[in-house]
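All of these numbers come straight from a predicted model, not from anything done at the bench.
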Amino acid sequence: MAEYICPHCKNPITDDEALLCLYCGESLNRSVGVMGSLNNPVVKVVIVSLILVLVLAFVLLLAR
């Protein structure tokens, strides 16, 4: 269970799915849903890498 720090009141939040701070009620500025998880830089690197591998495989297939 990851601990998240509220950007407003600096209290720790242990609920992974909380969108509002339990103490001050302010937004935790977390992304929501599948499209929100794509904002993660690691996910973007994986997606770009997969696309590059697919394009390279297609080019190699055409070169044969």
Side-chain angles (χ1 to χ4, degrees):
M1 179 180 275
E3 188 173 271
Y4 187 79
I5 304 296
C6 174
H8 303 284
C9 67
K10 307 298 186 226
N11 285 320
I13 308 295
T14 56
D15 185 3
D16 290 338
E17 297 182 8
L19 298 177
L20 298 176
C21 177
L22 303 173
Y23 301 102
C24 66
E26 293 292 326
S27 173
L28 295 176
N29 299 324
R30 291 186 175 175
S31 46
V32 179
V34 175
M35 294 306 290
S37 67
L38 292 179
N39 290 334
N40 188 350
V42 174
V43 174
K44 286 183 181 179
V45 169
V46 170
I47 290 174
V48 168
S49 299
L50 286 174
I51 291 172
L52 287 175
V53 167
L54 289 174
V55 169
L56 182 61
F58 182 71
V59 169
L60 290 174
L61 180 67
L62 289 178
R64 282 183 65 194

Checklist entry - How is the hydrophobic cluster of V53 composed, in terms of its other members, when Ile, Leu, Val, Met, Phe, Trp and Tyr link through side-chain heavy atoms under 4.5 Å apart, directly or indirectly? => result none

Checklist entry - Apart from V46 itself, which Ile, Leu, Val, Met, Phe, Trp or Tyr residues share its cluster (side-chain heavy atoms under 4.5 Å, direct or through members)? => result L50

For [X] against [Y], the heavy-atom pair lying closest together:
X   : Y   : value
C24 : H8  : SG-CB, 4.1 Å
Y23 : P12 : CE1-O, 3.5 Å
G25 : L20 : O-CD2, 3.7 Å

Item to check | Qualifying residue, where the test is side chain to side chain contact (heavy atoms under 4.5 Å, CB included) with F58 and the options are L56, L54, L62 | outcome: L62

Checklist outcome for this item: side chain to side chain contact (heavy atoms under 4.5 Å, CB included) filter on L61, not counting sequence neighbours, yields none

Checklist entry - How far does SG of C9 sit from CD of E26, to the nearest 0.5 angstrom? => result 9.0 Å

